[in-house]
Amino acid sequence: MAHTSSIEQAITLLKQDQLVAIPTETVYGLAANAFSDTAVEKIYQTKNRPANNPLIVHIASKEQLATLAINIPEMAFKLADHFWPGPLTLVLEKAPHISDKITAGKETVAVRMPNHELTLTLLRKLDFPLVAPSANRSNHISPTRPEHVQNSLGDKTPFILDGGPCSKGIESTILGFEDGKPRIYRMGTISKKEIEDVLQCPVEVIKAKDTSVITPGMFKKHYSPTTPFLATNNVAKAMEAHAEKKLGIIYFSSPPGDDTRFQYRTLSLQGDFLEAAANLYGVMHELDGIDLELIIAELLPDEGVGASVNDRLKRASSK
Ligand code: AMP
Ligand code: MG
């Protein structure tokens, strides 16, 4: 096994309260022992993450859920059975031993079982779960390749468990319960419709202003490149308005234009939402690394996973 030595190294570091960057199907995570406050604090320092932004706990089996949360609704088990391992995070009532450092003082804990063979192997070999936010500086673009972690964290980069590019490419769908009713707090590659099909009931998508569960993942400005960024339904008009600038253009599915002054990228020539999600952050990282004055990104049709990609594009462009 090519990766055995890396996994052993990751285990050694994590047991010493060190951080390790881990691959998942969503984005690379900056992982620490969930049961060590010393280790968890290092995540906040390394990312420069505000202390009020809670962390997702990553587990290797559905059975571990009962050791982290209490009063788990039947619907949560149903969703875990259907979607785990996979990009769905469940927000549940926390067990008393879960540290405030993970939950940012909340009575809830967020848990998911990631779908990446390397990280699942790692988690199975550990006798503690891992907390892991995205492995980037706070408020910057999430990493979907090992080199993005290095570029974002610089000399704070920990050991990276290299699992190749992330297959899904955007953060997990987050779902919690209010008065027993399922609520989506963040859209990802698992759509509202897929969740409703499993639960056989309507599920509401909550906007930050409508809930007491307001968390920084729901704040408007997030996931931003350093280069000014504009998400729009009318790329041609935006290009005209900024024609004198060095532009990067991100199309959803159109082929690149022929103006050699501009850098063109296309998220999915097939017009596939999942492919667009998988390519999104890689393209943003790439264009952000070129000397551009403005990146113009075309919004996707606002439905299903298209809406999840749009959510990231709009946050990247809000000032
Ligand atoms: P990420 O930064 O992608 O790891 O996602 C972390 C996000 O998960 C936070 O910004 C919150 O939106 C959500 N989250 C984590 N823990 C909790 C919690 N205990 N209660 C509610 N939301 C949470
Ligand atoms: Mg993040």
Side-chain angles (χ1 to χ4, degrees), residues 19 21-32 34 40 43-44 46-59 65 68-72 76 86-114 119 129-144 148-149 152-153 166 168-178 182-190 205-225 277 280-281 284-285 308 311-312 315-316:
L19 305 182
I22 56 164
T24 78
E25 79 281 36
T26 60
V27 303
Y28 270 76
L30 186 62
V40 174
I43 291 181
Y44 285 91
T46 303
K47 280 185 61 100
N48 201 13
R49 184 176 176 99
N52 65 351
N53 192 353
L55 302 173
I56 297 172
V57 183
H58 292 68
I59 57 176
L65 197 52
L68 302 170
I70 51 173
N71 300 325
I72 303 170
L88 178 71
T89 297
L90 296 173
V91 177
L92 301 164
E93 208 176 313
K94 82 176 188 84
H97 67 95
I98 303 296
S99 168
D100 277 350
K101 297 236 182 294
I102 293 175
T103 66
K106 289 174 189 303
E107 286 309 306
T108 49
V109 62
V111 187
R112 97 176 179 99
M113 181 174 167
T119 289
L130 294 173
V131 275
S134 51
N136 54 283
R137 273 175 295 139
S138 214
N139 286 332
H140 285 74
I141 313 166
S142 294
T144 52
H148 299 158
V149 179
S152 186
L153 293 178
C166 302
K168 299 293 181 189
I170 58 172
E171 297 80 358
S172 58
T173 300
I174 300 179
L175 181 140
F177 299 89
E178 285 173 36
R183 303 271 193 248
I184 295 173
Y185 298 120
R186 180 173 74 189
M187 296 295 305
T189 50
I190 293 176
V205 180
I206 298 292
K207 299 266 184 292
K209 64 177 172 34
D210 300 332
T211 178
S212 58
V213 196
I214 294 174
T215 62
M218 299 166 75
F219 289 167
K220 211 167 162 227
K221 173 127 178 124
H222 211 68
Y223 318 113
S224 324
L280 177 69
Y281 290 139
M284 281 167 70
H285 275 282
S308 306
D311 170 69
R312 279 30 174 217
R315 287 166 197 263

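First listed ligand is number 1; within each ligand, the first listed atom is number 1. Note that the coordinates shown come from a computational prediction; the quantities given were computed from them, not determined experimentally.
Y44 contributes a side-chain N or O that, together with a main-chain N or O of N53, makes up a donor-acceptor pair within less than 3.5 Å. Side chain of R49 to backbone of P54: a donor-acceptor contact under 3.5 angstrom is found. Remark: the backbone N or O of N136 is paired with a side-chain donor or acceptor of K47 at under 3.5 angstrom.
For residues 96-105, the pairs satisfying salt bridge (Lys or Arg N to Asp or Glu O under 4.0 Å) are E41-K101, with sequence neighbours left out.
Within the 4.0 Å heavy-atom criterion, the part of V109 lying near ligand 1 is the backbone and not the side chain.
Annotation: R186 places an N or O atom under 3.5 Å from an N or O atom of ligand 1; distance criterion only. At a 3.5 angstrom cut-off on N or O pairs, T108 counts as close to ligand 1. Checked by distance only, ligand 1 and K106 stay at 3.5 Å or farther apart across all their nitrogen or oxygen atoms.
Nearest-heavy-atom check against atom 2 (O) of ligand 1 across E171, H58, R49 picks out R49.
Close approach of ligand 1 to P133 (heavy-atom distance below 4.0 Å) involves ligand atoms 4 (O). Near L55, the atoms of ligand 1 lying under 4.0 angstrom from a non-hydrogen atom of the residue are 16 (N). Each of the following atoms of ligand 1 lies closer than 4.0 Å to a heavy atom of N53: 9 (C), 10 (O).
None of L92, V91, T108, I72 except one satisfies the side-chain contact (heavy atoms from CB on, under 4.5 Å) rule with F177; the exception is L92. Partner of V131 under the side-chain contact (heavy atoms from CB on, under 4.5 Å) criterion, out of L55, V109, I56: L55 alone.
Every residue was checked against the side chain to side chain donor-acceptor pair (under 3.5 Å) condition with S138, not counting sequence neighbours, and none meets it.
Backbone or side-chain N, O or S atoms of N136 do not reach the Mg ion (ligand 2) at under 2.8 Å.
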